[in-house]
There are 2 protein chains.
Amino acid sequence: METINLNRLAYFVAVVDAGSFTRAAARLGITKTVVSQQVARLEADLQTSLLLRTTRRVEPTEAGRLLHARSVIILREAEDAFGEVAEVTTNPIGTLRIAAPNDFGTSTVAPLLAKFCRTYPACSVDLVLSDAKIDLIAHHIDVSIRVGWLDDSSQQARRIGAFRQLLVAAPDLARTISADVPDNIDQQPFIANGALREPLVWHFSRADFDRRTVRMRPAMTINATPAVLAATLAGGGLSVLPDFLVADPLQTGALVQILPDWSLPSGGIHTVYPAARFRPPKVTAFVAMLEAEVKRPPIAPHGSTTS
Amino acid sequence: METINLNRLAYFVAVVDAGSFTRAAARLGITKTVVSQQVARLEADLQTSLLLRTTRRVEPTEAGRLLHARSVIILREAEDAFGEVAEVTTNPIGTLRIAAPNDFGTSTVAPLLAKFCRTYPACSVDLVLSDAKIDLIAHHIDVSIRVGWLDDSSQQARRIGAFRQLLVAAPDLARTISADVPDNIDQQPFIANGALREPLVWHFSRADFDRRTVRMRPAMTINATPAVLAATLAGGGLSVLPDFLVADPLQTGALVQILPDWSLPSGGIHTVYPAARFRPPKVTAFVAMLEAEVKRPPIAPHGSTTS
DNA sequence: ATGCACTGTGCGCTATTCGCATACAATGTG
DNA sequence: CACATTGTATGCGAATAGCGCACAGTGCAT
């Protein structure tokens, strides 16, 4: 069987159902000429008469009745399939696979998932945490969240928010620091984040004009941000951490911000999508929710310490 | 959902199955350009990305996986349906509905059905006996058998054989007739067949040159041929009957042919088909069998009486 | 009988689509 | 970093879809 035109089945079924070429054409919104010709071609393809025509009546042959019964099922199934696809393309539904870095995923994305699943009960979520860049299409990732500073290669990233970096310390250590300018801060023990490209050199700025660059002396270097946080909480030294990680410790007083009047370079929160022409609503819905969450800064800029 | 092109489903499925546009194109025997474009159009129709493409890998999206699963089923069902139709169009199979006159149907067609059903076990037969002309397509008749002399209206009839008309009588009556020329036969009691157009005037012929026309005097007129036969068997008079009806009585001696050297006009046995482009094999097979049966004349022409 | 309305189909025509060949950007692979 | 391979964009010819029109056949109401 070498590839018979499936579209003609719809015409044929319409004629049988309507009992007339003319009515079928009206129902299909095309000329009766076309219906007649299409059915004729279907018959030619199958080498069978499917319909016996009089000017007054159209009656299916045995082969016609056979094919009609099958075609009705086929067409209904096709309609169902298209309907299902349409459902996915118009409503947030289905499984959403999100890739995110470990720290941001744990601190921000994961808590947001509860709300997302509550808002869109037809969605389920797979959160894939990884700090490495993974192949989006190979892993069926719908949206990947990249935090920090993008290298030029990821062109198709879209910035949905920013995060600030805060110099923090455990309260006991913070009490020993009285400086209100960064100049001598490099005398303090520093926990370097080995995951950053430049973990030691930090550019402080204040009020649009005051700028200082300080090279910290690492008391220790840890290449995973959550571990840096843990060490900092334990009083191991100062460290620079993103706001979304230290919001809670600052709130509870487990950490204290040092030099709160000075800002460090802020980074971007980006979404990256696999190259697709159309974006499913589940992705749009989630990104909208994440963007709202991320635009509401967890720490007011230039706020004071919470101790 | 306004009529999505079903043919593209095959292309899409081929790509997913092959995991590559190029391999799918090879499998389909067309260019990869076409496959790419067709899938792109399907996606445009559905307003959805079905495939995520890299030059190295092609992976279906969630909608794509959904549609793939459905499409595989749809395509398989379509193939099944076409296969079933092909079965009907190539092999004698299915229900064969035959229309025939009461007399010929009873005497000739009905006995033949046993052989037909034995030869083609995949066929079942509906024999519709009626002396009136019925609407072939309204009654789903595959082939109608007309016996006798067609009026000009039935153009699409095909002659598959002939029958002879025989002047017969019961043996007791036949013994009283000694004539060997038709001239005085009109003195005998005659049973007229009211179903004929001209039941009384008969044209006898012998050996290509001897011709006589006789007008019989009806002792009785009966408008159903089988009843004429019954009256003749009962000795009610001479009558003219088709060979297929009197073959058995002549064989057993229940009837005797009168003037066996003289012939009466013979009639045709015709098939009439509903106007269809293609003829199903079940019809062809049956007509072939009927033609063979009918071509073998039940009574040798110019044979002698069997008394 | 006889218009008459209506059926399905054939014909000429145009717009769209199918399909091919070629060229090209992107991406792994050695 | 050359190289092969992938999917896509482009231009072009052929096939198809679809339209309007005209026409023969058929049932219905006179």
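We name chains A, B, ... by the order of the sequence lines, and we start the count at 1 in each one. Here the structure is a predicted model, which means the values were calculated and not measured.
Closest to the side chain of A:Thr55, from the set D:dT26, D:dC19, C:dA26, is D:dT26. Nearest nucleotide to the side chain of B:Thr33, out of C:dT27, D:dG7, C:dA21: C:dA21. Of the candidates C:dC18, D:dC19, D:dG25, D:dC19 carries the atom nearest the A:Val34 side chain, counting heavy atoms from C-beta on. Among the nucleotides D:dG25, D:dT8, D:dT5, the one closest to any side-chain atom of B:Phe21 is D:dT8. Minimum atom distance to the side chain of B:Arg56 is reached by D:dT5, of the listed C:dT17, D:dA17, D:dT5. Side chain of B:Val58, nearest nucleotide from D:dG7, D:dT6, D:dC19: D:dG7.
Rounded to an integer number of Å, the gap from CG of A:Asn5 to P of C:dC18 is 10 Å. Nucleotide C:dA26 holds its P atom 16 Å from the CD1 atom of A:Ile137, rounded to whole Å. To the nearest angstrom, P of D:dT10 lies 16 Å from NZ of B:Lys32. The separation between A:Glu59 atom CD and C:dG8 atom P is 13 Å, rounded to whole Å. Regarding B:Arg41, its CZ atom lies at a distance of 12 Å from the P atom of D:dA9, rounded to whole Å. For B:Arg53 and C:dA25, the CZ to C1' distance is 16 Å, given to the nearest whole Å. Nucleotide C:dT17 holds its P atom 12 Å from the CG atom of A:Asn7, rounded to whole Å. Put simply, CG on A:Leu52 is 16 Å from C1' on C:dT9, counting in whole angstrom units.
Between A:Gln37 and the phosphate of D:dA17, there is no side-chain N or O to OP1/OP2 separation shorter than 4.0 Å. Contact annotation: B:Tyr11 side-chain N/O to C:dG19 OP1/OP2 distance is under 4.0 Å. Proximity of B:Thr54 to the phosphate of C:dA26: no side-chain N or O atom is located under 4.0 Å from OP1 or OP2. For the pair B:Thr22 and D:dG7, the criterion of a side-chain N or O lying under 4.0 Å from OP1 or OP2 is met. For D:dC19, the OP1/OP2 oxygens have a side-chain nitrogen or oxygen of A:Thr31 closer than 4.0 Å. OP1 or OP2 of C:dT9 sits under 4.0 Å from a side-chain N or O of A:Ser36.
Here the side chain of B:Arg158 pairs no donor or acceptor atom with the backbone of B:Thr271 at under 3.5 angstrom. When atom types are taken as modelled, the side chain of B:Thr54 and the backbone of B:Arg56 share no donor-acceptor pair closer than 3.5 angstrom. Under a 3.5 Å cut-off, the side chain of B:Arg97 and the backbone N or O of B:Val128 do not form any donor-acceptor pair. Side chain of A:Glu43 to main chain of A:Leu51: a donor-acceptor pair is present (N/O by atom type, distance under 3.5 Å, no hydrogens or angles).
Residue-level contact check: A:Arg8 touches the backbone only, with heavy atoms under 4.0 Å from sugar-phosphate atoms and none from bases.
Nearest-nucleotide assignment on DNA chain D puts the 5′-proximal partner with B:Glu43, out of B:Glu43 and B:Asp135. Projected onto DNA chain C by closest heavy-atom contact, A:Gly19 and B:Arg57 fall at different nucleotides, the more 5' of which corresponds to A:Gly19.
The NZ atom of B:Lys282 sits 9.0 Å away from the CZ atom of B:Phe116 when rounded to the nearest 0.5 Å. With values rounded to the nearest 0.5 angstrom, A:Trp149 atom CH2 is found 6.5 Å from A:Leu196 atom CG.
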